Amino acid sequence: MTVSVIWGLAAVFNAAFVAFFALYTEAHDRAVDRSESTGAFDPSQLLPHDAALWVVAHAALGLLVVLDGVGIALSVRSLRVRVGRSGRAPVRVER
């Protein structure tokens with residue numbers, strides 16, 4: 001039961017981070033287009049704190065990939081340990 005709750009929370013976090021990244025990218029692109037549409041570059045049309053938002057958006061996406069990888073690796077490891085303990089099938093883990 002707890003494993004399914006953890007994977008459910010991971011799916012919610014995945015959706016939230018991907019939505020944040022998509023919304024940030026769209027807002028950034030529109031702000032850049034708006035600042036360049038007047039013929040002269042107008043920096044007042046850009047997003048405030050754009051560099052910090054860029055770092056946060058990309059860091060969130062990077063952490064999402066890392067956490068998903070760790071979660072999958074831990075799930076595979078716990079499955080191998082569980083199958084090995086049950087005696088159903090011998091599992092060889094080579095290092």
Side-chain angles (χ1 to χ4, degrees):
M1 170 101 176
T2 58
V3 174
S4 61
V5 170
I6 290 171
W7 280 113
L9 286 174
V12 169
F13 282 128
N14 281 340
F17 284 142
V18 169
F20 168 70
F21 188 79
L23 288 173
Y24 163 75
T25 302
E26 185 65 27
H28 175 71
D29 290 344
R30 286 189 184 196
V32 168
D33 290 343
R34 192 174 56 240
S35 69
E36 295 174 347
S37 68
T38 60
F41 183 73
D42 185 11
S44 68
Q45 296 294 319
L46 294 176
L47 294 174
H49 310 293
D50 185 47
L53 282 173
W54 185 91
V55 168
V56 168
H58 285 81
L61 206 57
L63 286 173
L64 180 69
V65 169
V66 169
L67 288 175
D68 284 348
V70 168
I72 290 169
L74 288 175
S75 293
V76 168
R77 182 176 179 198
S78 71
L79 181 64
R80 284 184 180 175
V81 168
R82 208 175 318 143
V83 169
R85 285 184 189 165
S86 68
R88 283 189 275 155
V91 177
R92 228 187 262 174
V93 179
E94 296 180 22
R95 293 183 184 187

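Model, not experiment: these values are computed from the prediction. In what follows, residues are counted from 1 in the order of the sequence shown.
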Original post:
Run the side chain to side chain contact (heavy atoms under 4.5 Å, CB included) check on Val76 and Leu79 step by step: do they pass?
Top reply: CA-CA 5 Å; Val76 168; Leu79 181 64; 5.7 Å; no
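Applying the salt bridge (Lys or Arg N to Asp or Glu O under 4.0 Å) definition to pairs two or more places apart or across chains, none involves residues 48-66. Contacts classified as salt bridge (Lys or Arg N to Asp or Glu O under 4.0 Å) and involving residues 18-27 (residues at least two apart or in different chains) are given here: Glu26-Arg30.
With sequence neighbours left out, Val65 forms a side-chain contact (heavy atoms from CB on, under 4.5 Å) with no residue at all. The side chain to side chain donor-acceptor pair (under 3.5 Å) check on Gln45 picks up Arg34, with sequence neighbours excluded. In this structure, the side-chain contact (heavy atoms from CB on, under 4.5 Å) partners of Leu74, at least two apart in sequence or on a different chain, are Val70. Considering only residues two or more places apart in sequence or on other chains, Trp54 meets the ring pair (Phe, Tyr, Trp, His ring centres under 6.0 Å) condition with His58. Scored by the side chain to side chain donor-acceptor pair (under 3.5 Å) test, Ser44 finds Asp42 as partners (sequence neighbours excluded). Residues that satisfy the side-chain contact (heavy atoms from CB on, under 4.5 Å) test with Thr25, not counting sequence neighbours, are Phe21, Asp29. Shown here are the ring pair (Phe, Tyr, Trp, His ring centres under 6.0 Å) partners of Phe17, two or more places apart in sequence or in another chain: there are none.
The hydrophobic cluster containing Leu23, built from Ile/Leu/Val/Met/Phe/Trp/Tyr side-chain heavy atoms closer than 4.5 Å, comprises no other residue. Apart from Phe20 itself, the hydrophobic cluster it occupies contains Val56, where clustering links Ile, Leu, Val, Met, Phe, Trp and Tyr at side-chain heavy-atom distances under 4.5 Å.
Once rounded to the nearest 0.5 Å, the distance linking CG of Asp68 with CG of Leu63 reads 10.5 Å. Distance CZ/Arg77 to OG/Ser75: 12.0 Å, rounded to 0.5 Å.
Taking every heavy atom of both residues into account, Tyr24 and Leu47 meet most closely at CE1-CD1, 4.2 Å. The two residues Ala31 and Leu46 come nearest to each other via the heavy atoms O-CD2, 4.1 Å. Of all the heavy atoms in Leu53 and Pro48, the pair that sits closest is CD1-O, 3.8 Å.
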